[in-house]
Amino acid sequence: MAEIDGNTVIARSLKQQGIETLFGVVGFPVFGIASAAQNEGIRYFGFRNEQAASYAAGAAGYLTGRPGACLAVSGPGMIHGIAGLANAWSNCWPMLLFGGANDSYQNEQGAFQEAPQIEAARPFVKLSTRPDRLSRVPGYIEKAVRTALYGRPGAVYVDLPNDIISDRIDEQDVVWPARCPDAPKSLADPQAIEAALAALRGAKRPLVIVGKGAAYARAEAGVRRFLDATQLPFLPSPMGKGVVPDDHPNSVAPARSHALQQADVVFLIGARLNWIMHFGLPPRFAKDVRIVQLDVAAEEIGTNVPTEAALVGDADAIMGQLNAALDDEPWSFEADSGWWRDLRDKMEENHKVVAAMMEDDAVPMGYYRVLREIRDWTPRDAIVCSEGANTMDIGRSVLPNYEARHRLDAGSFGTMGVGLAFAIAAAAVRPEKKVVCVEGDSAFGFSGMEVETACRHRLPITFVVVNNNGIGQGVENLGDPVPPHVYTPGARYDRVIEAFGGKGYFATTPEELRQSLKEAVESPLPTIVNVLIDPKATRKPQKFDWLTR
Ligand SMILES: Cc1ncc(C[n+]2csc(CCOP(=O)(O)OP(=O)(O)O)c2C)c(N)n1
């Protein structure tokens, strides 16, 4: 049998475990791993910073259902990669970070880029580990994959010292475990299924909330069937958007606050009662709201509000149980109930406020006018990435999604700098899709250099920078001192991409924006549409101050 090196053992293990794409930045001691991965047929995307590469890995894990993988150099590179571990931890996405490390025989001697990497990763991962010898590396990688996937998905860190990477071994001495199967799917307790349906049947003002857990579990067919059968009103969480198309007749998203405040029974499908849902507490929710909760993680049950019926397990399998129970005993919520009439009235009222802003052709433009144009030029099945404050928040209601796992945003961790990375990940793992990435100008700046990554890999992403000269709101001109939230007024972000062979567009009027988007969306090149908006533009007036907190 032939001798092989550590790089090859690591690369082969990744391939064998179903990892087809690797994101990272090379340097000591991981150069050879990236090349070996390419030799094994893994696509390697070299980034400009490990932060973005690690964000990309998390998104790839969410989109594909197998852990996304990131490769980082020792010390500072691995430390940057922790940003992605934390983002994956918060969003419950399966990802692996492989960090190079100094030779283990130099530990505690002040080695080049030596750092307490295993300890640094630990708070954000399900497992932080280091192989003890080359022969067992595939076993460690199989366990890393299994840990990231099984139970509540999450991040895993694998430390790779140089002496393991550069070691050589007879191929027959390597222990190769089988490919880790996808996570086993568990069903809910049949009594909990009955309790859940009984709670919903007895509700006067029921509401379903569909989260990204439903999207991750590929439960879209079951959730749609359930809503069609029960005629219950539903709301998506930000990344739960698209599990059920936003134009589904049961969507009450335009009456979101009202629906949350008034509902008496809420059925959470893979959605958590965290800050995004105002913890399930007043004033966002009714004081005595009753909760039916479907989650893959038993420990999530009862978070912030006691749960009346707990459906623990795989969302797709459990939606199957609920649908089977409804087949046996059909039931649907009354279509002309006071609750539905109330929700429809509220949706109509909110629609009018927003419609006026979307049709306002005044220059400089506001968010709604810009986002309406983006909506009109975005293909129906595009993957939409979004980040920023107003740009993302308003975009969530203006930019529709029609398919599951087609929206990626700052998510549970509220991370800026994820947008470009997510767009690259989406274009990498779903090459058949158009990817549109809608960013605030501040958000763009966090990972802006990754436009070079998109150009180098010829990924025809359309980046739209909604430019108001700063964080949240900007100014017309720089003052002295420069206000903390302000960036260069009128910055030409569109020119950045041209340095790398992409195409930039600059727009200040609705007509220029329309023309730019039309060309950009059809272009075979990566493009940036930089649209200047009113630096003082903001959201529609909010009825409650806690909505903006
Ligand atoms: C990593 C990180 N750093 C800082 C912040 C704080 N923050 C929240 S939103 C935001 C940017 C908002 O401005 P912009 O992207 O221009 O969007 P806008 O609201 O102007 O549309 C920042 C910096 C964050 N959420 N994440």
Side-chain angles (χ1 to χ4, degrees), residues 48-56 58-59 79-91 124 238-239 274-276 357-358 364-375 384-399 408-423 436-451 463-476 478 482-494 496 507 513 528-540 542 547-549:
R48 306 302 300 253
N49 186 302
E50 299 84 358
Q51 261 182 25
S54 61
Y55 296 148
I79 298 298
H80 287 174
I82 292 176
L85 293 179
N87 199 60
W89 160 78
S90 184
N91 283 297
F124 301 108
M239 281 195 261
N274 57 18
W275 67 275
I276 290 184
M357 290 191 283
M358 293 217 273
M365 291 178 278
Y367 287 100
Y368 291 85
R369 182 65 187 83
V370 167
L371 288 161
R372 180 197 116 187
E373 207 63 49
I374 300 171
R375 177 197 70 189
V384 177
C385 304
S386 184
E387 60 175 338
N390 286 323
T391 300
M392 182 179 75
D393 292 345
I394 303 170
R396 197 158 52 223
S397 57
V398 180
L399 303 175
L408 295 162
D409 67 21
S412 311
F413 210 36
T415 316
M416 296 298 123
V418 291
L420 282 95
F422 286 178
V436 178
C437 181
V438 185
E439 310 246 307
D441 55 313
S442 161
F444 176 80
F446 280 82
S447 300
M449 196 62 178
E450 302 301 344
V451 293
F463 300 101
V464 186
V465 180
V466 182
N467 189 351
N468 65 352
N469 307 338
I471 299 177
Q473 286 190 336
V475 290
E476 305 271 355
L478 288 180
V482 177
H485 66 288
V486 162
Y487 293 126
T488 304
R492 295 298 303 268
Y493 297 108
D494 47 302
V496 174
L513 178 60
I528 288 184
V529 177
N530 177 19
V531 50
L532 285 196
I533 65 161
D534 180 355
K536 292 279 164 275
T538 184
R539 297 171 72 172
K540 75 176 163 69
Q542 300 293 311
L547 279 175
T548 51
R549 253 184 264 144

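Please read all numbers here as calculations on a predicted model, not as lab measurements. For ligands, and for the atoms within them, numbers begin at 1 and follow the listed sequence. Any value given below was found using the heavy atoms of this structure, including those in side chains, with hydrogens, waters and symmetry copies removed.
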With no hydrogens and no angle check, is any side-chain donor or acceptor of Asp409 less than 3.5 Å from a backbone partner on Met239?
no
Under 4.0 angstrom from ligand 1, any heavy atom of Gly417?
no
Going by heavy atoms, is Gly470 under 4.0 Å from ligand 1?
yes
With a 3.5 Å distance limit and no angle check, can you tell me whether Glu387 reaches the backbone of Val418 through a side-chain donor-acceptor pair?
yes
Just by modelled atom types, is the Arg48 backbone N or O under 3.5 Å from a matching donor or acceptor in the Glu450 side chain?
yes
Looking at atom 24 (C) of ligand 1, would you say a protein heavy atom lies below 4.0 Å from it?
yes
Do you see a donor-acceptor pair shorter than 3.5 Å between the side chains of Asn468 and Tyr367?
yes
What is the nearest protein non-hydrogen atom to atom 21 (O) of ligand 1, stated with its residue, atom name and distance?
Thr391 OG1, 2.5 Å
Side-chain (Asn390) to main-chain (Thr538) donor-acceptor, under 3.5 angstrom:
no
Judging by distance only, is a nitrogen or oxygen of Asp441 under 3.5 angstrom from one on ligand 1?
yes
Given the side-chain rings of Phe463 and Phe444, with only the six-membered ring counted for Trp, is the space between their centroids under 6.0 Å?
no
For atom 17 (O) of ligand 1, find the nearest protein heavy atom and state the residue, atom name and distance (0.1 Å precision).
Ala389 N, 3.3 Å
Starting from atom 13 (O) of ligand 1, find the nearest protein heavy-atom neighbour and note its residue, name and distance.
Gly472 N, 3.2 Å
Pick from His485, Gln51, Met416: the one approaching atom 1 (C) of ligand 1 most closely through a non-hydrogen atom:
Met416
Run the contact test for Tyr487 against ligand 1 with a 4.0 Å cut-off on heavy atoms, strictly below, and give the result.
no
So, Ser54 side chain and Gly84 main chain: donor-acceptor pair closer than 3.5 Å or not?
yes
Under a 4.0 Å N-O cut-off, is there an ion pair linking Lys536 with Asp534?
no
Shortest protein contact, atom 18 (P) of ligand 1 (heavy atom only):
Tyr367 OH, 3.5 Å
Can you report which non-hydrogen protein atom sits closest to atom 15 (O) of ligand 1, along with the distance?
Ala443 N, 2.8 Å
Could you tell me whether the side chain of Asn274 and the main chain of Ser412 form a donor-acceptor pair under 3.5 Å?
no
Identity and separation of the nearest protein heavy atom to atom 11 (C) of ligand 1:
Ser442 OG, 3.3 Å
Would a distance-only check, ignoring hydrogens and angles, find a side-chain to backbone donor-acceptor pair under 3.5 Å from Ser397 to Ile394?
yes
Considering non-hydrogen atoms of the protein only, which is the closest contact for atom 20 (O) of ligand 1, and what is the distance?
Asn468 ND2, 3.1 Å
Tell me which part of Asn390 gets within contact of ligand 1: side chain, backbone, both or neither, using heavy atoms under 4.0 Å.
both
Give me the atom names and distance for the closest heavy-atom approach of Asp494 to Ile528.
CA-CG2, 3.9 Å
Tell me whether Phe444 reaches ligand 1 (any heavy atom closer than 4.0 angstrom to a ligand atom).
no
Identity and separation of the nearest protein heavy atom to atom 4 (C) of ligand 1
Phe446 CZ, 3.8 Å
Counting from 1, what ligand 1 atoms have a heavy atom of Gly388 closer than 4.0 Å?
15 (O), 17 (O)
Looking only at heavy atoms of Val466, does any of them come nearer than 4.0 Å to an atom of ligand 1?
no
